[in-house]
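The structure under discussion appears below in the form of structure tokens.
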Amino acid sequence: MALLSILTPVLVVVLCLVIGFMLLKPQETGTPSTKTNLVSKADFRPWVDQDLQDDTKVTAREDEDGDVVDGNEEEDSPHVPFSLPRYPEETILKRAEDFYTLMNQRRSVRFISPEPVPREVIDIVIRTAGTSPSGAHTEPWTFIVVSDAEVKHQIRLIVEEEEEMNYRQRMGDKWVHDLAKMRTNWIKEYLDIAPYLVVIFKQTYGILPNGKKKTHYYNEISVSISCGILLAALQNAGLVTVTSTPLNCGAGLRQLLKRPANEKLLMLLPVGYPASDATVPDFKRKPLDEIMVHI
């Protein structure tokens, strides 16, 4: 009897656990778990980037209703021989050092001269940016070159309205404090003054002549690489810019510039010669041993 009195509470607990498991099991089999629902294998798209997307709704996903072009529908690209000039070692070192010296002079310049820049130069540096590699050679970039004074001013109004909100409310005290050493704020006079504004959009997918959508893999990474090449080309041409990623301006600028919904703002570059009284922060770059690990 004593043994039975000891075992009874244990048996009650075990019985409750069994009943609870039986009640929960049908729910689990009928409804997939939250973890399983998060990302299915079919929906997982690692090439989709989230940064700087505006909130414009795309009318249809690129993988719905067979609307996306299948890789087999596209012709295979022919391969052709490739070679580069083979320089002696001393020439390689000299060319590498010269290019480093040129690029080490690059600075983010917010004081830009209104002096005209030949349009042909802008065409060439953007063509140079278009040599960038891209995921599956989709070339998912659109470079909008703005020289019209009224459109530049409209861009400035959109940017300054959002930037003031960013500085006052969205960015937080630490971010604003970290920017103080650069003496920046939401006033962007250079957007009116610079002879050109280059507004760069990433194409989240392409649209083929037959109306089908084409997946643009790693579109943000691809366009970011092209922007780096563009910065180098501008420096090589003796022009300056400041890299600007205007937060919360994507939808407004896209609509102003009449861009389709598949294009999302990535970067805004004012381009021109440096003003005669231009100044830049006296920053030092990290030494090689802090940015490179040789294994």
Side-chain angles (χ1 to χ4, degrees), residues 39-54 56 58-87 91-92 95-96 99 103 119-145 196 198-237 241 243 245 250 254 257-269 271:
V39 181
S40 70
K41 190 172 183 180
D43 289 336
F44 181 61
R45 298 178 296 166
W47 60 86
V48 176
D49 307 292
Q50 301 301 321
D51 292 344
L52 294 176
Q53 290 189 0
D54 65 43
T56 304
V58 178
T59 55
R61 284 177 49 184
E62 59 261 42
D63 56 356
E64 282 184 340
D65 304 323
D67 201 26
V68 63
V69 66
D70 183 73
N72 295 329
E73 295 182 28
E74 298 183 298
E75 296 181 2
D76 289 337
S77 298
H79 283 215
V80 296
F82 173 80
S83 64
L84 280 177
R86 187 68 178 265
Y87 303 111
T91 303
I92 296 174
R95 288 172 63 91
F99 188 71
M103 294 309 300
R119 171 63 191 272
E120 293 78 10
V121 175
I122 302 301
D123 292 348
I124 293 170
V125 296
I126 290 181
R127 185 184 299 169
T128 303
T131 67
S132 174
S134 59
H137 192 59
T138 52
E139 301 177 291
W141 38 69
T142 302
F143 298 90
I144 308 297
V145 177
Y196 295 102
V198 181
V199 190
I200 301 129
F201 290 87
K202 62 178 184 179
Q203 301 169 7
T204 56
Y205 59 85
I207 302 176
L208 299 175
N210 61 7
K212 288 188 175 182
K213 297 182 178 67
K214 180 177 180 179
T215 303
H216 280 177
Y217 305 96
Y218 298 107
N219 51 77
E220 184 162 306
I221 295 172
S222 299
V223 181
S224 297
I225 295 171
S226 75
C227 289
I229 295 176
L230 177 56
L231 293 178
L234 291 171
Q235 179 72 13
N236 183 61
T241 187
T243 53
T245 52
R254 185 180 57 77
L257 299 173
K258 297 180 172 59
R259 304 312 307 161
N262 66 313
E263 293 187 5
K264 307 297 183 184
L265 176 68
L266 185 73
M267 195 172 295
L268 169 61
L269 302 178
V271 173

In the structure I gave you, are the side-chain heavy atoms of Lys202 and Pro140 within less than 4.5 Å of one another anywhere? no
Distance-only, no hydrogens or angles: does the Lys212 side chain make a donor-acceptor pair with backbone N or O of Pro209 under 3.5 Å? no
Looking at Ser132 and Trp141, what are the two nearest heavy atoms and their distance? O-CH2, 3.2 Å
Atom pair CG (Leu208) and NZ (Lys213), whose distance is rounded to the nearest 0.5 Å: 10.5 Å
To the nearest 0.5 Å, what is the distance between CG (Leu266) and CZ (Phe201)? 10.0 Å
Do any side-chain atoms of residues 224-232 form donor-acceptor pairs under 3.5 angstrom with protein atoms, and if so which ones, sequence neighbours left out?
residue	atom	partner	partner atom	Å
Ser224	OG	Glu220	O	2.8
Ser226	OG	Val223	O	2.7

List for me each residue that meets side chain to side chain contact (heavy atoms under 4.5 Å, CB included) alongside His79, sequence neighbours excluded, and say none if there are none. none
Once rounded to the nearest 0.5 Å, what's the spacing between atom CZ of Arg254 and atom CD of Glu263? 9.0 Å
Just list the side-chain donor-acceptor pairs under 3.5 Å for residues 119-130, sequence neighbours left out, or say none.
residue	atom	partner	partner atom	Å
Arg119	NE	Asp123	OD1	2.8
Arg119	NH2	Asp123	OD1	3.4
Thr128	OG1	Ile124	O	2.8

With a 4.5 Å limit on heavy-atom distance, are the side chains of Thr243 and Leu269 in contact? yes
Partners meeting side chain to side chain contact (heavy atoms under 4.5 Å, CB included) with Ala136 (sequence neighbours left out): Thr138, Tyr217
Sole candidate of Val199, Val198, Thr241, Ile200 that passes side-chain contact (heavy atoms from CB on, under 4.5 Å) when paired with Met267: Ile200
To the nearest 0.5 Å, how far apart are OH in Tyr87 and CD1 in Ile92? 9.0 Å
Nearest 0.5 angstrom please: Lys264 NZ to Arg259 CZ, how far? 12.5 Å
Can you name the side chain to side chain donor-acceptor pair (under 3.5 Å) partners of Gln203, sequence neighbours left out? Thr142
